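Worksheet: one structure, shown below.
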Amino acid sequence: MRLRNVRGARETLAESGYVVATPETCRGAWKTVFGNENPIHMEIGMGKGKFLLDLATLYPEINYIGVEMYASVLIRAVQKLENMAEIPNVRFLNVQAERLETMFLSGEVDKLYLNFSDPWPKARHAKRRLTSPVFLKRYEGILKQGGLLEFKTDNRELFEYSLESIRASGWKLLSHTFDLHGEEKMRVGNVMTEYEEKFSGQGQAICKLTAVR
């Protein structure tokens, strides 16, 4: 699906206090950015930000970083946040996930969220999937030892690929389900994304896994 360009999006992001303009300069100093020693949780491919902002509101003792490569999408999250009561534990990055190791030291991130990522269905594009061995290796470069990865999708093929990729990459699979909303135990504490609300409302099963580095 082609994204509609939003005029002035990059300029608006550059002016926002919630968007870190030069994240490479924060490498090793994210505690300073937030002004505290709280754990850092990151969502990669955060879209319009509903999931991340809901988490940040629920858990003020955790710092949240949202990564979104498309300025025309991220601007919606910024606008949403600026219309809410102040939420000091949120920052956004308008960058590609391939660059994260240039912005974070090993161990700076406690938990990663991947929600409804692009499935890149063609085999030749497999390395672009956010749960590919290539990306899992990158996550190892920023997650603390014992750091968690949570992944949700409505795409059964991508989920099965992700299960295999995680096991093959030496990560430990802690839990998984092919029907999140049909399993009470897995559903406890679940915060839904916009896509999750849409797809589950249409009767589609949502898959979820949790893995540890």
Side-chain angles (χ1 to χ4, degrees), residues 1-6 8-10 12-13 15-20 23 30 33-34 38-97 100 109-119 129-131 135 139 148-155 158-159 162 177 179-183 186-210:
M1 181 177 68
R2 184 172 182 177
L3 292 171
R4 185 176 65 179
N5 183 56
V6 177
R10 294 196 179 280
T12 300
L13 295 183
E15 295 171 358
S16 173
Y18 291 108
V19 180
V20 180
W30 286 96
V33 172
F34 285 101
N38 293 341
I40 293 176
H41 294 187
M42 178 189 298
E43 182 183 10
I44 300 175
M46 55 165 282
K48 298 177 183 178
K50 177 189 181 303
F51 175 80
L52 194 79
L53 295 180
D54 284 350
L55 282 179
T57 302
L58 287 169
Y59 305 106
E61 72 281 6
I62 297 174
N63 296 324
Y64 290 93
I65 296 177
V67 177
E68 175 55 56
M69 65 183 290
Y70 297 110
S72 294
V73 176
L74 181 56
I75 191 175
R76 302 306 184 196
V78 170
Q79 292 169 339
K80 189 179 300 182
L81 179 54
E82 291 179 345
N83 287 327
M84 299 170 67
E86 184 178 357
I87 305 180
N89 58 324
V90 172
R91 295 292 186 276
F92 299 133
L93 306 182
N94 183 208
V95 301
Q96 294 182 329
L100 289 176
V109 179
D110 295 77
K111 188 172 184 178
L112 290 174
Y113 294 97
L114 306 176
N115 293 312
F116 299 86
S117 310
D118 191 328
R129 298 169 189 162
L130 291 182
T131 51
F135 273 98
Y139 305 152
L148 296 176
L149 170 68
E150 284 194 8
F151 172 57
K152 289 194 285 190
T153 183
D154 65 309
N155 189 302
L158 176 61
F159 192 68
S162 301
T177 178
D179 185 11
L180 172 59
H181 295 278
E183 292 190 26
M186 289 288 290
R187 202 170 61 244
V188 173
N190 182 59
V191 174
M192 289 203 287
T193 73
E194 291 172 318
Y195 280 126
E196 187 174 355
E197 289 182 345
K198 175 183 177 180
F199 296 145
S200 62
Q202 295 171 348
Q204 293 180 241
I206 305 301
C207 305
K208 179 181 178 179
L209 67 79
T210 303

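Here the structure is a predicted model, which means the values were calculated and not measured. Side-chain atoms are counted along with the backbone in the values below, which use heavy atoms only and exclude waters and symmetry mates.
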Worksheet entry | Residue that, paired with Ile44, satisfies side chain to side chain contact (heavy atoms under 4.5 Å, CB included) out of Leu149, Asn115, Leu114, Ile65 | Leu114
Discussion item. On a heavy-atom basis, which atom in Pro88 and which in Arg91 lie closest, and how many Å separate them?
Written reply: O-NH1, 3.1 Å
Response to the item:
Nearest heavy-atom approach of Ile75 to Ala9 is CD1-CA, 3.7 Å
Worksheet entry | For Glu15, salt bridge (charged side-chain N to carboxylate O under 4.0 Å, His left out) partners two or more places apart | none
Worksheet item: Given Tyr59 and Asn38, is the side chain to side chain contact (heavy atoms under 4.5 Å, CB included) satisfied, shown in steps?
Response: CA-CA 11 Å; Tyr59 305 106; Asn38 293 341; over 6 Å; no
Discussion item. Going by the rule salt bridge (charged side-chain N to carboxylate O under 4.0 Å, His left out), which residues pair with Glu194 if we only count those two or more places apart in sequence or in a different chain?
Written reply: Lys80
Worksheet entry | Test side chain to side chain contact (heavy atoms under 4.5 Å, CB included) applied to Ile206 and Met192, step by step | CA-CA 10 Å; Ile206 305 301; Met192 289 203 287; over 6 Å; no
Fill in: Considering all heavy atoms, the nearest Val78-Ser16 contact
CG1-OG, 3.6 Å
Worksheet item: Quick check: does any side chain N or O of Asp110 sit under 3.5 Å from a backbone N or O of Ile40, one acting as donor and the other as acceptor?
Response: yes
Item to complete: Determine the interplanar angle of the Tyr18 and Phe92 rings, folded into 0 to 90°, and report it as parallel if under 30°, tilted if 30 to 60°, perpendicular if over 60°.
Response: tilted
Item to complete: I would like to know whether Ile62 and Leu55 meet side chain to side chain contact (heavy atoms under 4.5 Å, CB included); could you show each step before the answer?
Response: CA-CA 9 Å; Ile62 297 174; Leu55 282 179; over 6 Å; no
Fill in: Heavy-atom side-chain proximity of Phe159 to Leu209 below 4.5 angstrom
yes
Practice prompt. Could you grab the distance from atom CG of Asp154 to atom CG of Leu180, nearest 0.5 Å is fine?
Written response: 12.0 Å
Worksheet item: Do you know which two heavy atoms are closest between Thr131 and Ser162, and how far apart they sit?
Response: OG1-OG, 2.6 Å
Worksheet item: Taking the side chain as C-beta and beyond, is there a heavy-atom pair between Val95 and Pro23 under 4.5 Å?
Response: yes
Worksheet item: Backbone N or O of His181 within a donor-acceptor pair of the Arg187 side chain at under 3.5 Å?
Response: yes
Discussion item. Return the CD to CD distance between Gln96 and Glu68, rounded to the nearest 0.5 Å.
Written reply: 11.0 Å
Item to complete: Could you tell me which non-hydrogen atom of Ser117 sits nearest to which non-hydrogen atom of Leu158, and how far apart they are?
Response: O-CD2, 3.8 Å
Worksheet item: Of all residues at least two apart in sequence or in a different chain, which pass the salt bridge (charged side-chain N to carboxylate O under 4.0 Å, His left out) check with Glu43?
Response: none
Item to complete: Give the ring-plane orientation class for Phe116 versus Phe199, where under 30° counts as parallel, over 60° as perpendicular and anything between as tilted.
Response: tilted
Worksheet entry | Expected output: side-chain Asp179 to main-chain Ala205 donor-acceptor under 3.5 Å | no
Worksheet entry | Criterion side chain to side chain contact (heavy atoms under 4.5 Å, CB included) on Val67 and Met42, from CA distance to verdict | CA-CA 7 Å; Val67 177; Met42 178 189 298; 3.9 Å; yes
Response to the item:
When every non-hydrogen atom of Phe135 is compared with those of Ala97, the smallest separation belongs to CE2-CB, 3.8 Å
Discussion item. Test your reading of the model: is there a side-chain donor-acceptor pair from Asn94 to the backbone of Met69, 3.5 Å cut-off?
Written reply: yes
Worksheet item: So does Lys208 pair up with Glu183, basic N to acidic O under 4.0 Å?
Response: no
Discussion item. Counting C-beta onward and ignoring hydrogens, is there a side-chain heavy-atom pair between Leu52 and His41 closer than 4.5 Å?
Written reply: no
Fill in: Inter-residue atom distance Tyr195.OH - Phe51.CZ, 0.5 Å rounding
15.0 Å
Worksheet item: Are there more than 12 heavy atoms of other residues, nucleotides or ligands under 6.0 Å from atom NZ of Lys48?
Response: no
Item to complete: Would you confirm whether Glu150, through its side chain, and Tyr113, through its main-chain N or O, come within 3.5 Å as a donor-acceptor pair?
Response: no
